[in-house]
Every structure is written in C-alpha cells, then in structure tokens.
Amino acid sequence: MLILSRRQFSAGALTEMVVFALCCAATMLLATSLQLGPYGVATMSVFVPAVQFALIMTLLGAVFSLFRVGEPKTLAVVLVRTTIVLAVGFPIVYTLFGYVTGGSAARAVLGYASLFVLAGVVLIRAAVSTVLGAGVGSQRVLIVGTGAEALAVESVIGQMGPRRSIVVGFYPTGPEDMPAAVQDGVGKAPLFPRSFDLPAIVERFKVDEVIVAVREQRGGVLSLRGLLECRARGVPVRDLSAFYERVRGEVPIASLKASWLIYGDGFAQNATRTFVKRVFDIVLSGALVVLTLPVMLVTAIAIFLESGAPIFIMQERVGRGGRSFLCVKFRSMRTDAERDGVARWASPNDARVTRVGRLIRKLRIDELPQLFNVLSGEMSLVGPRPERPSFVSGLKEQIRFYDVRHSIKPGITGWAQIRYPYGSSVEDSQRKLQYDLYYVKNHSLSLDVLILMETMRVVLFGEGAH
C-alpha cells in the first residue's frame with residue numbers, strides 16, 4: 001500500500017518505484033549497447049526512449065500494485081505482476097517509440113530490455129532481501145501498555161514483517177495493566193519491569209518509535225515525564241490513532257477521541273485545495289464521459305432488452321454538509337426490487353440483481369452515469385461513498401463521528417472502496433468509516449491519483465463488489 005497525502009507517504013513504496021524506474025532505463029540502455037555498442041547508444045539518441053520506457057512501466061507498476069507495501073509479496077508474486085506490467089506496457093511503448101528520435105533502435109531491442117527488467121527485478125530483490133534480512137533499516141518499536149490494544153499493535157507490526165519493524169518490548173503503565181496474556185508470554189516481545197526508566201530503555205535498546213497502546217490515558221497511568229523526555233530526544237511518540245493512521249491508512253473508531261479530530265493535523269479545506277480538486281474533477285470526468293460514451297450506450301441497450309425501462313435509477317443520497325441530492329446510476333436490479341419503498345442493504349449474491357446488472361456491477365459500469373453528478377458539482381471523482389438518507393439516519397445513531405465523512409463531497413470511488421471493497425451491515429459501515437476518516441483528514445491530489453489508479457486495478461481484475 002502506497003499512502004500519499006499532504007504530509008506523508010510510504011518511503012518504502014516510493015523507493016521501490018524509483019529503483020524500478022532506474023532499472024527500466026538502465027536495461028533499455030544496456031540492451032541497445034549490447035546490439036550497437038557504447039558509441040551506438042550515444043549516436044542513436046536512445047536516452048529519451050529509455051526515460052519514456054521507465055516512466056510508462058513505472059506508472060503501470062503502480063496501477064498493478066507492483067509497489068504496494070503492507071502485504072506479503074513473494075518472488076513469484078513480484079514476477080507475475082512485473083510480467084503483467086511488461087505485457088501491457090510493451091505495445092504502448094512500442095507504438096510511442098515510432099514518434100520519437102532514436103525510437104527505431106529502441107524498438108529493435110525492446111524485447112531484450114523487457115527480459116532484462118525481469119532479471120533485474122530478481123537480482124535487486126535478492127540483494128534487498130539480503131540487506132533487510134540482516135536487520136538493516138528496520139524500525140525498532142517500544143509499546144507502552146500490555147493490554148489488548150498493545151497485543152493488537154504487536155500483531156499488526158508482526159504482519160508487516162521483521163524487515164519493516166521490530167518490537168523490542170512492552171512497557172507496563174501500572175500493576176493493573178498486566179493481563180495474564182502478556183505475563184504468560186502470549187506477547188512475543190519481552191516485558192520490561194515498571195521500575196525501569198522509560199527513557200533509559202529507549203536509549204539502551206536504540207528505540208526508533210514509541211507507541212502508546214493505552215485507550216484510557218487519564219488518571220496518571222502514563223509516565224508523561226518519560227514520554228516527554230523521549231520526545232525531546234527526537235524519538236516519535238504516537239498514540240493508537242496515529243499508529244493505525246500511519247500503518248494501516250485508517251482511523252480506528254474505538255480509540256478515537258474528539259480532541260484528536262479537533263486539534264490534530266489535516267482536514268485541509270482551503271480555497272486552493274477546493275479549486276484544484278474541482279478543476280481535476282471537471283477535466284477528468286469530462287474526458288471519461290467522452291471515452292466511455294460507447295460503453296454507456298451499449299449498457300443502456302442491454303438493460304432495456306433484458307428488463308425494459310427504466311434504464312437509469314435516481315436515488316436520493318446524502319452529500320456534503322448532509323444535503324441530499326439525486327444520484328444517477330444504471331439500473332442493475334429488477335424494477336420491483338424495492339416495491340414496498342423500504343431501502344435495504346445489497347448483498348454479494350443479491351437475488352434482486354439482473355444478469356446484466358451482475359456484469360455491470362462487477363465491472364463498475366453501473367457507476368458511470370455518476371460522472372454527470374461530478375460535472376454538476378454534487379459529487380467528486382474521489383471521496384466517501386454517498387449513502388441513502390434512511391441508512392445515514394441509523395448509522396449516525398450507532399457509529400461515532402459518522403457525520404465527519406459528510407464534511408467533503410462524496411465520490412464515485414474512494415479510499416474505503418479500494419481498501420474494504422464490500423459493505424452490507426453496520427459493522428461494515430463502521431470499518432469503512434475508519435478509511436473514510438483517513439481520507440477526509442489526509443485528502444490531496446496525489447492521494448486522489450493513487451485511489452484512481454487502484455480503482456483501475458480493481459476494475460481490471462474484477463476484485464470485490466460495491
């Protein structure tokens with residue numbers, strides 16, 4: 001997962017992108033050099049094609065999740081994704097080379113360069129694995145707390161793998177914060193005695209980050225002096241909300257406090273950001289309307305032939321500021337799906353969905369008419385998914401901070417949609433809200449571009465439902 005926002009990004013993913021781009025450019029030059037010699041490389045002006053090859057393949061790599069971190073990627077997975085990237089990019093690059101200086105020479109060696117990229121990925125991955133396997137670059141983490149939250153943090157860090165972070169131990173906040181689970185060794189990291197000085201532990205074990213995994217922080221349970229000293233020495237101190245925001249790209253509701261929303265960074269809604277997002281929406285949605293118009297015409301005909309009119313449905317949805325608007329979609333359910341007028345959650349194998357509806361839902365074609373909602377200003381390309389008023393009224397009563405998602409325009413796709421593709425219950429809505437809160441707090445043009453690229457991957461591979 002690559003998280004790009006106004007103030008943070010995944011350094012690991014960015015490094016992978018840069019290394020892959022350099023590998024692509026270098027292999028193009030190497031392939032040309034082997035065929036024409038070093039002098040031929042200089043005279044044939046293949047440097048421009050090499051850069052184009054690198055940029056296009058790296059962009060496709062981002063689309064096909066080649067650089068996504070936060071998930072286990074074996075060598076086989078990396079090779080498969082790299083092969084897909086090269087297979088898709090080859091005809092694009094080959095065509096492009098016909099319009100640039102040095103393109104003829106680059107075309108002649110493009111196949112060799114692609115094979116060299118595969119070999120380079122294997123060699124680079126082997127070298128990186130060797131370095132990281134020795135513990136170089138790993139983040140050393142101390143967890144303050146020994147309760148269920150602390151064990152959950154250790155579990156999340158463990159899922160990231162030892163090459164990313166290493167838990168050096170738990171630091172108890174008091175005698176009552178000492179469940180049998182940790183005492184009996186369920187936690188894999190050692191337990192430091194409460195009598196030990198917190199800053200001394202940080203210095204002795206070269207801790208790079210302190211995670212305060214305690215939900216209730218009042219009543220003197222925390223060593224504020226010790227935490228302040230750690231912070232003064234330059235060691236970051238994060239609470240549960242900040243930890244999950246950074247690592248998982250979500251804001252957990254259970255540990256979230258109103259003060260964090262009020263005083264924390266983010267939630268940028270300035271005029272410049274609003275203007276840039278609106279221009280981005282108009283330009284891109286206008287282009288998509290033109291490009292997808294043939295698809296929309298074929299879809300309209302297919303819906304009419306299978307089940308007649310209406311072709312579109314107009315549903316009331318809740319938008320920015322809690323204001324309602326009419327959201328337009330291709331009809332994917334039977335005409336009598338809600339004949340009693342009661343809104344119901346959709347389910348993965350909903351019997352109300354028609355055969356055409358099942359296909360256009362899988363490919364997200366039913367969402368295309370919402371491009372007109374974007375052009376009219378009621379929606380954005382990227383944002384929290386708009387829900388129906390009857391659902392919103394109930395969810396506001398059951399889920400804390402649910403209304404925060406209405407502080408920005410809803411979107412056709414969003415961070416919650418690519419991270420948690422399906423939701424049909426209150427529990428699912430709460431989990432998706434955690435991703436929506438992350439987006440509302442950190443939304444930026446770069447994050448929007450990332451989400452749109454991830455959405456392309458979801459559509460191409462038919463992942464999930466909505």
Side-chain angles (χ1 to χ4, degrees), residues 1 3 5-8 70 143-145 147-157 159-160 173 177 211-218 221-222 237-269 317-322 345 382-411 413-443 447 451 464 466:
M1 175 187 65
I3 300 176
S5 69
R6 177 177 59 83
R7 60 183 181 81
Q8 75 176 57
I143 300 176
V144 175
E149 292 82 7
L151 292 176
V153 168
E154 184 192 35
S155 176
V156 169
I157 293 176
Q159 293 168 11
M160 295 164 55
T173 58
D177 183 31
I211 307 296
V212 180
V214 180
R215 185 174 300 180
E216 180 54 63
Q217 301 180 8
R218 292 173 296 181
V221 298
L222 292 179
V237 178
R238 307 185 195 278
D239 62 7
L240 287 171
S241 297
F243 169 75
Y244 282 107
E245 179 187 2
R246 179 177 63 85
V247 174
R248 301 280 289 270
E250 62 179 310
V251 179
I253 302 297
S255 61
L256 185 60
K257 297 178 176 60
S259 59
W260 185 82
L261 293 171
I262 295 170
Y263 300 114
D265 295 332
F267 303 104
Q269 302 283 354
R317 299 291 178 105
V318 178
R320 184 176 184 180
W345 294 103
V382 181
R385 187 85 184 127
E387 291 290 359
R388 302 172 73 171
S390 57
F391 292 153
V392 170
S393 60
L395 293 171
K396 286 167 59 176
E397 297 295 326
Q398 300 177 68
I399 303 176
R400 300 166 63 225
F401 308 113
Y402 189 81
D403 252 352
V404 176
R405 70 195 301 275
H406 297 137
S407 61
I408 61 175
K409 289 181 183 180
T413 186
W415 186 241
Q417 278 63 54
I418 64 173
R419 300 297 297 163
Y420 194 84
Y422 189 79
S424 59
S425 66
V426 174
E427 291 74 19
D428 289 332
S429 295
Q430 177 166 319
R431 185 64 191 277
K432 296 185 82 168
L433 176 62
Q434 297 183 166
Y435 292 111
D436 284 335
L437 289 177
Y438 174 86
Y439 178 79
V440 172
K441 185 175 185 289
N442 298 286
H443 70 96
L447 183 56
I451 292 171
H466 63 287

>> Any side-chain to backbone donor/acceptor pair from Q417 onto G414? Under 3.5 Å, distance only.
In response: yes
> Which value, rounded to the nearest 0.5 Å, describes the distance between I451 atom CD1 and H443 atom NE2?
Replying inline: 11.0 Å
> What heavy-atom pair brings Y439 and P384 nearest, and what distance separates the two atoms?
Replying inline: CD2-CD, 4.4 Å
> At their closest point, which heavy atom of R320 faces which heavy atom of S407, and how far apart are they?
Replying inline: NE-O, 3.4 Å
>> Set out, in order, the CA-CA distance, both residues' side-chain angles and the distance that settles side-chain contact (heavy atoms from CB on, under 4.5 Å) for V144 and I211, then state yes or no.
In response: CA-CA 6 Å; V144 175; I211 307 296; over 6 Å; no
> Between atom CG of L447 and atom OH of Y438, what is the distance when rounded to the nearest 0.5 Å?
Replying inline: 6.0 Å
> Roughly how far, to the nearest 0.5 Å, is CG of L433 from CG of D428?
Replying inline: 12.5 Å
> Can you name the closest pair of heavy atoms from A213 and A150 and give their distance?
Replying inline: CB-CA, 3.6 Å
>> Does any part of the side chain of F243, heavy atoms only, come nearer than 4.5 Å to the side chain of V156, both counted from C-beta?
In response: yes
>> Within this structure, what is the CD-CG distance for the pair E245 and D239, rounded to the nearest 0.5 Å?
In response: 9.5 Å
>> side-chain contact (heavy atoms from CB on, under 4.5 Å), that's the test. Do L437 and I253 meet it? Break it down for me.
In response: CA-CA 9 Å; L437 289 177; I253 302 297; 3.5 Å; yes
>> Please enumerate all residues that pass ring pair (Phe, Tyr, Trp, His ring centres under 6.0 Å) together with Y402, with sequence neighbours excluded.
In response: H406
>> To check you understand the geometry: which heavy-atom pair defines the closest contact between L240 and V214, and what is its length?
In response: CD1-N, 4.3 Å
>> Could you measure the distance from the NZ atom of K441 to the CD1 atom of I408? Nearest 0.5 Å is fine.
In response: 13.5 Å
>> salt bridge (charged side-chain N to carboxylate O under 4.0 Å, His left out) for E387 and R405? Distances and angles first, verdict last.
In response: CA-CA 11 Å; E387 291 290 359; R405 70 195 301 275; 5.2 Å; no
> What is the minimum heavy-atom distance between G411 and R385, and which atoms define it?
Replying inline: O-NH1, 3.7 Å
> By side-chain hydrogen bond (donor to acceptor under 3.5 Å, both in side chains), which residues pair with E250, not counting sequence neighbours?
Replying inline: R431, Q434
> For R317, which residues count as a salt bridge (charged side-chain N to carboxylate O under 4.0 Å, His left out) partner, sequence neighbours excluded?
Replying inline: none
> Nearest heavy-atom pair of A152 and Y244: which atoms, and what distance?
Replying inline: CB-OH, 3.7 Å
